[in-house]
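In the text below, chain A, chain B and the rest are named by the order of the sequence lines, each starting its count at 1. Predicted model, so just to flag it, every value in this text is computed and none were measured.
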Amino acid sequence: MTETPQTDEHRYDFRAIEDRWLPVWEERQPFRSGREDDARPTKYVLDMFPYPSGDLHMGHAEAYALGDVISRHWVQKGYNVLHPIGWDSFGLPAENAAIKRGVDPAGWTEDNIAQQKASMKRYACSFDWDRVLMTHRPDYYRWNQWIFTRLFERGLAYRKPSQVNWCPNDQTVLANEQVVNGLCERCDTAVTKKKLTQWYFKVTEYADELLDELENLRGSWPSKVIAMQRNWIGRSAGADVSFTIEGRDEPIAIYTTRPDTLYGATFMVVAADSDLAAELAEGADDATRAEFAAYVERVKGENEIDRLSTDRPKTGVFLQRYGINPVNGERLPIWASDYVLADYGHGAIMAVPAHDQRDLDFARAMDLPVRVVLDCRDDAGEPFGDPVETGVAATGDGVLVNSEALNGLAKAEAIAAITAELEAAGTGHASTNYRLRDWLISRQRYWGTPIPIVHCETCGEVPVPDDQLPVTLPPAEGLDLKPKGQSPLAAATDWVNTTCPTCGGAALRDTDTMDTFVDSSWYFLRFLSPQKTDGPFDPVQAKRWAPIDQYVGGVTHAILHLLYARFFTKALRDMGMIDFGEPFSALLNQGMVQMDGSAMSKSRGNLVRLSEQLDEFGVDSIRLTMAFAGPPEDDIDWADVSPAGSAKFLARAWRLARDVTSEPGVDPASGDAALRAVTHRTLAESQELVEGFKFNVVVARVMELVNATRKAIDGGAGPADPAVREASEVVTILLSLFAPYCAEDMWSMLGHQDVALATYPAVDESLLVEETVTCIVQVMGKVRDRLEVPPGISQDELRELALAAPGAVRAIGDAGIRTVIVRAPKLVNIVTA
RNA sequence: GCCCCGGUAGCCCAACUGGCAGAGGCACGCGGCUCAAACCCGCGGUGUUGUGGGUUCGAAUCCCACCCGGGGCACCA
């Protein structure tokens, strides 16, 4: 047997096993992936990197357990697997903790990282520890700044004044994506609007590509995420139409998806908070101006919650101005209202109350005319009720009426016809709009990447030259980090005051920092060459490893991070730095870990502590429980699963290795044939199951194999049978994906070393061939008999056997036989007359 | 309102391209081992596959409608 010392050779003791193997792995480093002469094919498996806001929790434990199954599987399949880890270490939690405790966010962050790193090692994650990166380190964020300046040069980073989302609690602006149901994603405070000049990344430049290329991800990304991104981008096709405004030189453009209803327009609406509304009101009488001013004040006071609440009554102000409908010359009164958004389309609409619910609500509230221009019918052919009476707009398909040349056309035909007509007349054209907005990246907070721009009175916005990067954060010491609506960096006068890189004159640094989602938009590329000092990443390494073969992480990032990372990838591709446009070839979203139906989060208190679970049941049991609980994308309710049951199973598996008495390398051919068949069937099935992410089923299959092996040891073949060794080794290799400590210990008892690097055994196909197959004999779809037949039996032969089967004969009785369906060798169905 | 996912035994969940509804686990019960217990070993699975219809020789699986649960988007013209 083996010379490996064992604490207690009769009992599975997870504490002793963890203590035994952790130092061995630490020394042997089985998951290094950096060697240039490594000829194995490559795989890049990536877990979303954690935020260091404390120790690892149950959610991390699930994510890393599942990512590890995939990574370890590909290693055993002979791939050179890159499985790196790092920390997303800039952000508000560190800053808020620093404010609360009066400490430096850097120290707090580094302490948490050290703790998480130790926990990950204990958790036996198969990470390559030579590639660690942390986004708060200057050697990382320097390249955020470098990429920022490249985007700036290409017009993809720009500054503009706009009504932005403002969190009154965190005292900073937020991206659209960070406002959830009108609340700040971080602190759940109701978000308000504020007019500010801020930095944006031009994500909308790639809107079409971001949407269209989702199709290529179908099948390898969850359909849910694809749907969410599709919704978020929200492409709509329609037309821009010009309306002349009385008393204004320039016409104004409106956007509509329903140009077919142009003859049904009875008024126009401009967004109350838009510049256009202010300008139009300026040209009205004093009373109107006063009314408008009061209305705008009221609208500005509303937070997002109020604004989004459904079925609130429509409000607005008639601006005493008129637009002219280009198709029929009608005068349309212009109203200002908050139901039109300033930053979508042109911030102005034509209102067709008969065929748009919002316009109808407004028309009814303001007593404006309604004109039906589409004859809509229900399924029974009954006409749609009068919208004025029913309050329901006719938004469906129909035939055009009251629309001159369009009369008689169907909706789609009318849209095409009128768009062509507008185009010919020079008053409109087909147009596309997106719900997606550009990404606002400025933050008025300390703990982030400084924006590498210098503001010079003479030269304007000047990017900091590459050789002066990084622009490092000034020390937090002496700065007031409390949120106050202006970046804490503004108080670092020595830091702010600088010289203009272009003209050498006095200039000021931009005092905002970047949204931390910038950091995570390209970190997967930095992992390929984390120490590189003359560029963000090595293009040669990118060619070798990227894009990522398998990305693993929570569905919470379905829009934010994944969309931004896709945008960065496309932008970097267009800069010629990489040759692919999609960063993540395949995506697995694990579910959440809950307790009694409620989520475990910081705010609700962590209901189950990972460290306590690990102490009580061991690392392997927790990892196995995560994998066995159900499909990875389903949420796990910790109350429904049994880490104790997992521990029991591991002990049972472990005892197999303990009991094997044959020597390593013994030829299994002479072993128990029945057990060998189970072993090789498990082997054949497991790789498909792992690659299909059915980890819970793999575990079930391994349990079956363990049961079969135990039966062989105790009952038939005995512990010396070579098939028992073969089965035990297969159990060990498969188990190492889920329970690396237990598997390593078993592997050692079986006389081997480094189970993580064990080769996935070849499947012996000849053992999968069954000698007989059970054939079901059905009569009228009901099972009436069973036959043991050879797998190669002919259709005719089986048909005869089935017709003679006693159960079938009995069921057929006197009835005649109409048809016999034969699916050799598994099924015959006899259809009686 | 629109979109996505799900509903199988007391519970968590399997079930290939439509072909025997049950792999694995939890819980529970019984038996063995033991002075006794724990551990361990063994045995124990009929249920409206959410409901109703349709297609089919045959439906958990495909189609339609609805119910329930979860998630996303939503005054985006």
Between N829(A) and R823(A), a side-chain donor and acceptor under 3.5 Å: no
Interatomic distance at P, C64(B) relative to G44(B), whole Å: 42 Å
Protein-nucleic acid N or O pairs under 3.5 Å, nucleotides 19-21 of chain B:
{"from": "G19(B)", "atom 1": "O6", "to": "R823(A)", "atom 2": "NE", "distance (Å)": "3.3"}
{"from": "G19(B)", "atom 1": "O6", "to": "R823(A)", "atom 2": "NH2", "distance (Å)": "3.4"}
{"from": "G19(B)", "atom 1": "N2", "to": "Q778(A)", "atom 2": "OE1", "distance (Å)": "3.2"}
{"from": "G19(B)", "atom 1": "N2", "to": "N829(A)", "atom 2": "ND2", "distance (Å)": "3.3"}
{"from": "C20(B)", "atom 1": "O2", "to": "R786(A)", "atom 2": "NH1", "distance (Å)": "2.1"}
{"from": "C20(B)", "atom 1": "O2", "to": "R786(A)", "atom 2": "NH2", "distance (Å)": "3.3"}
{"from": "C20(B)", "atom 1": "N3", "to": "R786(A)", "atom 2": "NH1", "distance (Å)": "3.3"}

Protein-nucleotides 68-72 of chain B N/O pairs under 3.5 Å:
{"from": "G72(B)", "atom 1": "N2", "to": "N231(A)", "atom 2": "ND2", "distance (Å)": "3.3"}

Side-chain donor/acceptor of N325(A) to backbone N/O of L262(A), under 3.5 Å: yes
Residues R623(A) and E62(A) bridged, charged N to O under 4.0 Å: no
Lys/Arg N to Asp/Glu carboxylate O, D212(A) vs R235(A), below 4.0 Å: yes
Touch class at under 4.0 angstrom, heavy-atom based, for S236(A) against every strand present: sugar-phosphate
Touch class at under 4.0 angstrom, heavy-atom based, for T819(A) against every strand present: nothing
Distance, C1' atom - from A9(B) to C5(B), rounded to whole angstrom: 24 Å
Separation between the C1' atoms of U17(B) and C13(B), rounded to whole Å: 23 Å
C1' spacing across the pair U55(B) / G71(B), given as an integer number of angstrom: 32 Å
Residues in salt bridge (charged side-chain N to carboxylate O under 4.0 Å, His left out) contact with D356(A), at least two apart in sequence or another chain: R358(A)
Salt bridge present between D273(A) and K193(A) (N-O < 4.0 angstrom): no
Donor-acceptor pair between T625(A) and S646(A) side chains, under 3.5 angstrom: yes
Atom P, compared across C67(B) and A27(B): separation rounded to whole Å: 39 Å
Donor-acceptor pair (no angle test) under 3.5 Å: K648(A) side chain, C39(B) base: no
Distance-minimising heavy-atom pair for T419(A) and A430(A): CG2-N, 3.7 Å
Nearest-angstrom distance, C1' atom, C3(B) to A14(B): 29 Å
Output field: ring centroids Y339(A)/F362(A) closer than 6.0 Å: yes
